[in-house]
Protein chains: 2
Amino acid sequence: MNYVKDVTTTPATTGALAAELRVAISRAARRIKNERGDAGLSDPQFNVVALLDLHGPMTPGQLAEAEHIAAPAMTRTVGLLADLGLVAKADHPTDGRQVVVTLTPAGEAEVRQTRLRRDVWLAGRLDGLTPQERAVLEDAAQLLRRIATS
Amino acid sequence: MNYVKDVTTTPATTGALAAELRVAISRAARRIKNERGDAGLSDPQFNVVALLDLHGPMTPGQLAEAEHIAAPAMTRTVGLLADLGLVAKADHPTDGRQVVVTLTPAGEAEVRQTRLRRDVWLAGRLDGLTPQERAVLEDAAQLLRRIATS
DNA sequence: TATTGTTATACTCTATAACTATA
DNA sequence: TATAGTTATAGAGTATAACAATA
């Protein structure tokens, strides 16, 4: 596989590429999510702790909006994570109606471990590729990020 | 962005690329799955009809194994899809213990529509890219398929 | 006796509606 | 009156264990 050939083998229509890419992305995503941390969190649970790790403390309402789920569902998930000791709930400093959800050290550790395991798995596969192939995926990563946020 | 630059900007470690790629893949997959057909099937439900569309009639046991879920869960999902008229259950011709699940015309239509909507969404994003960028994603699709199945 | 599928039971995730507390 | 969060209720998805029918 080389660059000249890559261009010449490009599908005639973006529709054909879309179908190929959709299947490839879906399968890869599914495989990546298989790798989990010690707490064995479900996807919704991990999404919450990962979001808190990225953005810092958030209210249940903000978490629900970010995850595109209804507020009661987030109430439940936050409660389960709190029972596990991965997040902590605290009163809002000025607004008595609001609650602030914070990641505990155990929660941070779970996020780090899960990400590490997923990266280790993926890096293990990338090691089997040529430098040129890795360069393709490096470019693809940037393109996919642009696509997903548009 | 050109090929020479692509190679030179490759991360020094596969770990860094793995982290970038993991995030990019996960976000893209999530966005793609947002596009659904008229029946508004859940992910597990759509996975079943999509699998039947690809492989033809299958038994509940085969479906459960392919989806990596326990048999009772598949019994439930197949039952719901049958209630919706998207699949049909029939006796196995020679083995009285087994059941053969078949996609109905309505089920086929739902699969086609969902795939079409996802591909239309993705193709719309791909149209905004250069031919070279699409070539990168074409190569990446092949690489991701290899990675996911390894 | 082994296999296929289902039923029974329990827990997570989700939604909408109703409720409580605060602004 | 409006907002933030929770509780109540219901349905989907999953698992393990127990069961029925067939091989």
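Within every chain, numbering begins at 1; the chains are lettered A, B, ... in the order of the sequence lines, protein sequences first and strands thereafter.
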Subject >> Working for side chain to side chain contact (heavy atoms under 4.5 Å, CB included), residues A:Leu84 and A:Leu80 >> reply: CA-CA 6 Å; A:Leu84 293 172; A:Leu80 288 168; 5.5 Å; no
Subject >> Atom pair distance, as rounded to whole Å: CZ in B:Arg97 and P in D:dT22 >> reply: 11 Å
Original post:
Side chains of B:Gln98 and B:Asp95: is there a donor and an acceptor less than 3.5 Å apart?
Top reply: yes
Original post:
Starting at CG of A:Leu63 and ending at P of C:dC13, how long is that distance when rounded to a whole Å?
Top reply: 14 Å
Original post:
For the side chain of A:Asp95, counting heavy atoms from C-beta on, which of C:dT22, C:dA15, D:dG13 is nearest?
Top reply: C:dT22
Original post:
Which part of the nucleic acid, if any, lies within contact of B:Pro72, taking any heavy atom under 4.0 Å across all strands shown: a base, the sugar-phosphate backbone alone, or nothing?
Top reply: base
Original post:
Rounded to the nearest Å, what distance is computed from the CG atom of residue A:Leu41 to the C1' atom of nucleotide C:dT12?
Top reply: 13 Å
**OP:** Between C:dT4, C:dT14, C:dT12, spot the one nearest the side chain of A:Gln45, thanks.
**Re:** C:dT12
**OP:** Answer yes when A:Glu133 and B:Arg146 have at least one side-chain N-carboxylate O distance shorter than 4.0 Å, and no when they do not.
**Re:** yes
Original post:
Of all the nucleotides listed (C:dT14, D:dA23, D:dT6), which has the minimum atom distance to the side chain of A:Ala71?
Top reply: D:dT6
**OP:** Starting at atom CE of B:Met58, determine the distance to atom P of C:dG5, rounded to an integer number of angstrom.
**Re:** 11 Å
**OP:** Examine the side chains of B:Ser150 and A:Arg125 and answer whether a donor and an acceptor come within less than 3.5 Å of each other.
**Re:** yes
Subject >> Between C1' of D:dA12 and CG of B:Leu81, the distance in whole Å >> reply: 12 Å
**OP:** Could you state the atom-to-atom distance from NE2 of B:His92 to P of D:dT22 in whole Å?
**Re:** 15 Å
Original post:
Within the pair B:Thr75 and C:dG5, is there a side-chain N or O less than 4.0 Å away from OP1 or OP2?
Top reply: no
Original post:
Among D:dA12, C:dT6, C:dT14, which nucleotide sits nearest the side chain of A:Ile69?
Top reply: C:dT14
**OP:** Provide, to the nearest angstrom, the distance between the CZ atom belonging to B:Arg76 and the C1' atom belonging to D:dT14.
**Re:** 10 Å
Subject >> Side-chain N or O of A:Lys89 closer than 4.0 Å to phosphate OP1/OP2 of D:dA4 >> reply: no
Subject >> From D:dT6, D:dA12, C:dC13, nucleotide with atom closest to A:Pro60 side chain >> reply: D:dT6
**OP:** Figure out the CE/C1' separation between B:Met74 and D:dA12, and round it to whole Å.
**Re:** 14 Å
Original post:
Which one, D:dA12, D:dA21, C:dC13, comes nearest to the side chain of B:Leu80?
Top reply: D:dA12
Original post:
Counting just side-chain N and O atoms, does A:Thr77 come under 4.0 Å of either OP1 or OP2 of C:dT12?
Top reply: no
Original post:
Does B:Gln98 have a side-chain nitrogen or oxygen under 4.0 Å from the phosphate oxygens OP1 or OP2 of D:dT22?
Top reply: no
Original post:
For B:Phe46, is the NZ or CZ atom of B:Arg117 found under 6.0 angstrom from the centre of its six-membered ring and inside 45 degrees of the ring axis?
Top reply: no
